[in-house]
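What you see is a predicted model; the values in this text were computed from it and never measured. Numbers restart at 1 for each chain; the letters A, B, ... are given by sequence-line order, proteins then strands.
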Amino acid sequence: MRAGRRRFTRRDRLTREEEFRRVFNRPRRLHHDAWVTLFKANDLRYPRLGLAISRKSVPTAVARNRVKRVVRESFRLNRHRLGGFDIIILARRGLARRENRALREALERDWTTIEQCKDC
RNA sequence: AGAGUCGGCCGGGCAGUCGCUGCGUCUUUCAGGCGUGGAGGAAAGUCCGGGCUCCAUAGGGCAGGGUGCCAGGUAACCCCUGGGGGGCGCGAGCCCACGGAAAGUGCCACAGAGAAUAGACCGCCUAAGCGCCCACGGGCGCCGGCAAGGGUGAAACGGUGCGGUAAGAGCGCACCGCGCACGGUGGCAACACCGGCGGCACGGCAAACCCCACCCGGAGCAAGACCAAAUAGGGGGGCGAUGGUGCGGCCCGUACCGCCCCCGGGUAGGUCGCUAGAGGUGCGCGGCGACGCGCAUCCCAGAGGAAUGACUGUCCUCGACAAAACCCGGCUUACAGGCCGACUCUCCUA
RNA sequence: UGGGAGAUCGUCUAGUGGCAGGACCGGAGCCUUUGAAGCUCCAGACGUAGGUUCGAAUCCUACUCCCCCAA
């Protein structure tokens, strides 16, 4: 399981509608100008990631895929720090213009916030 | 050297580390290891055409829609190729919804005399006929004639010249233009050329209705098929007036729903459909070409909130537009920069 | 992903080949002691680019944007 620490499989993602609905209902929020990070404790011992990147917030498919990859990569490298939380990244207008590096650095601050919230 | 035209192609490279995913294989399973493959020329817009699936085997008629010079290519096309005609350019070349207005209906505002069986505002004429005057040259009026000139308009019923005339007029003639269901020659044809005939008749609009020729059944992979818990759905046979549904607007036609008898499993979830194909590449042959034929060879994404990335180093010209979702052929639109080939014009030098 | 509608003043709309009209809002004036209401006047638009036509908001083509349906 040591090798799987930095893996990221379907098990680690939110896929069903009800999983998304559960998190959207009264989550903790971290607001940014181009996206919102929602998170909520789950019953598992590991974190799961959901992506809500709409066509309206990020118009082109290429930019949409790029954003999702950066977010997933950041989550993959940091998930060992996070506890049992379901996390959703909700895109807002302007996220497409964000540089990869800037987005990554901001996300790392979010992970730290969630990590420190482990007991709450 | 400069300016330009056409056609084709590329769309950051390399190395390392950590990841995602299809397939194959191995480990006893959960899970992993190894190998291998993994977005585009437009994957886009969804504007056309097909394949595929179900509805009847895709039927008949009306309605509706599409295409529109000719020939060819193709599975098919609103595509492509070659040719004809017209327009633009010095040229290489480029552009064109390019059938029919002597089948019918309709429209052509305003202006203008007149807008489609032409017409007379200004104007030109006074020869013939009638009347009056007369200085016997003629003058005036009536009845009339004309369409050359002006003017209006997007458009006014051939143009120029000569003859002709009272003034004029295709009224006559020459040339040009135009027309012909005329003849000949060339061409599969569109059409071209030559000759003949016709004094000229036939304004424009069919992206107005329409006519002619040809084509088009409807839905769409959320199609459709299979597996599979609960409140009864499906198959076969017989009967059948109305109505409803498949079926898209209608009618015909056809199948089913309805009632009786006999046999027996649908929605939430999963699996298949899902990628080997009108396929790519190379060579040869046929063809001006689009393309076709033959041989060899290759297997080249199949996900399901949706996979190709991230980080580091390095090099350069510092990286545009942009992500498959059943598949294919086109069209259209977006696109940093670069490469190759063919050709045209101008200038300079030899 | 597939299918289907639409775009006219700031807003809601009429116009379907020849004048772009109406209502609300806005501006100015009249009326009133003042305000509201009322009356008069004014300003303001055919999504973009081509084509057909003498002439296009209207017909045709391409593009852009917005909306709806199927989950």
State the pairing partner of B:rG246; accept Watson-Crick or G-U wobble contacts with both distances under 3.5 Å, and report none otherwise. B:rU254

Protein-nucleotide distance (A:Asn78, atom CG; B:rC311, atom P), rounded to Å: 14 Å

Contact summary for A:Glu115 and A:Leu82, nearest pair of heavy atoms: N-CD2, 4.3 Å

Opposite nucleotide pairing with C:rC59, Watson-Crick or G-U, both atom distances under 3.5 Å: C:rG51

Could you state the CZ-P distance from A:Arg76 to B:rG19, rounded to the nearest angstrom? 6 Å

Strand partner of B:rG129, provided both Watson-Crick or wobble distances fall under 3.5 Å: B:rC142

Apply side chain to side chain donor-acceptor pair (under 3.5 Å) to A:Arg66 and list each qualifying residue two or more places apart in sequence or on a separate chain. A:Asn100

The single option from A:Val70, A:Val71, A:Asn78 that satisfies side chain to side chain contact (heavy atoms under 4.5 Å, CB included) with A:Ser74 is A:Asn78

Watson-Crick or G-U wobble mate for B:rG203, both contacts under 3.5 Å: B:rC108

When you check the glycosidic angle of B:rG137, does it come out syn, meaning within 90° of 0, or anti? syn

Measure the CZ-CH2 distance between A:Phe85 and A:Trp111 for me, rounded to the nearest 0.5 Å. 12.0 Å

What distance, rounded to whole Å, do you find between the two C1' atoms, one in C:rA49 and one in B:rC77? 27 Å

I'd like the C1' distance from B:rG106 over to C:rG17, given in whole Å. 14 Å

Whole-Å distance, A:Arg79 CZ to B:rG19 P, equals 11 Å

Please report the distance separating the C1' of B:rC134 from the corresponding atom of B:rG141, rounded so that it comes out in whole Å. 15 Å

Value in whole Å for how far the C1' atom of B:rG309 lies from CG of A:Leu49: 15 Å

What is the distance, to the nearest angstrom, from the NZ atom on A:Lys68 to the P atom on B:rU308? 11 Å

Could you tell me whether A:Arg64 contacts a base, only the sugar-phosphate backbone, or nothing, with contacts defined as non-hydrogen atoms closer than 4.0 Å? nothing

Expressed as a whole number of Å, how far does the C1' atom of B:rG19 sit from that of B:rG309? 8 Å

CG-CG distance between A:Leu90 and A:Leu30, expressed to the nearest 0.5 angstrom: 12.5 Å

Apply the syn/anti split at 90° from 0 to B:rC300 and say which one it is. syn

Which residues share a salt bridge (charged side-chain N to carboxylate O under 4.0 Å, His left out) with A:Asp86, sequence neighbours left out: A:Arg22, A:Arg48

Taking the same atom, P, in B:rG269 and in B:rC14, what whole-Å distance lies between them? 46 Å

Using the P atom as the point on both nucleotides, what is the distance between B:rC316 and B:rU297, in whole Å? 46 Å

Please report the distance, rounded to the nearest Å, between CZ in A:Phe75 and C1' in B:rA310. 16 Å

Syn/anti label of C:rU16 as read from its glycosidic torsion, with the cut at 90° from 0: syn

Watson-Crick or G-U wobble partner of B:rA350, both distances under 3.5 Å: none

List the residues meeting side chain to side chain donor-acceptor pair (under 3.5 Å) with A:Thr37, not counting sequence neighbours, and say none if there are none. A:Trp35, A:Asp110

Does B:rG341 pair with anything, Watson-Crick or G-U wobble, both distances under 3.5 Å, and if so, with which nucleotide? B:rC6

Let's test this: given Watson-Crick or G-U wobble pairing with both distances under 3.5 Å, identify the partner of B:rC94. B:rG87

Sort me out a list of protein N/O and nucleotides 321-323 of chain B N/O pairs below 3.5 Å, or just none if empty.
from: B:rA323; atom 1: OP2; to: A:Ala61; atom 2: N; distance (Å): 3.1
from: B:rA323; atom 1: N7; to: A:Asn65; atom 2: ND2; distance (Å): 2.6
from: B:rA323; atom 1: N6; to: A:Arg69; atom 2: NH1; distance (Å): 2.7
from: B:rA323; atom 1: N6; to: A:Arg69; atom 2: NH2; distance (Å): 3.4

Taking CD from A:Glu73 and P from B:rG19, how many angstroms apart are they, rounded to a whole number? 10 Å

Only counting residues at least two apart or in another chain, list the ones meeting side-chain contact (heavy atoms from CB on, under 4.5 Å) with A:Arg69. A:Asn65, A:Arg72

Can you tell me the base-pairing partner of B:rU308? Count Watson-Crick or G-U wobble geometry only, both distances below 3.5 Å, and say none if there is no partner. none

Sorted by position of nearest nucleotide on RNA chain B, 5' first, the leading residue of A:Arg104 and A:Ala52 is A:Ala52

For atom C1', what is the distance between B:rC23 and B:rA58, given to the nearest Å? 41 Å

With syn meaning chi within 90° of zero and anything else anti, the base of B:rG45 is anti

Once you round it to whole Å, what is the distance between C1' of B:rC311 and CD of A:Glu105? 13 Å

Minimum heavy-atom separation for A:Glu108 and A:Arg81, please, with both atom names. O-NH2, 4.0 Å

If you measure from CD1 on A:Ile87 to CZ on A:Arg79, what distance do you get to the nearest 0.5 Å? 10.5 Å

Measuring only the C1' atom in each nucleotide, how far is B:rA44 from B:rC283? A whole number of Å is fine. 37 Å

Give me syn or anti for B:rU344, where syn covers glycosidic angles within 90 degrees of 0. anti

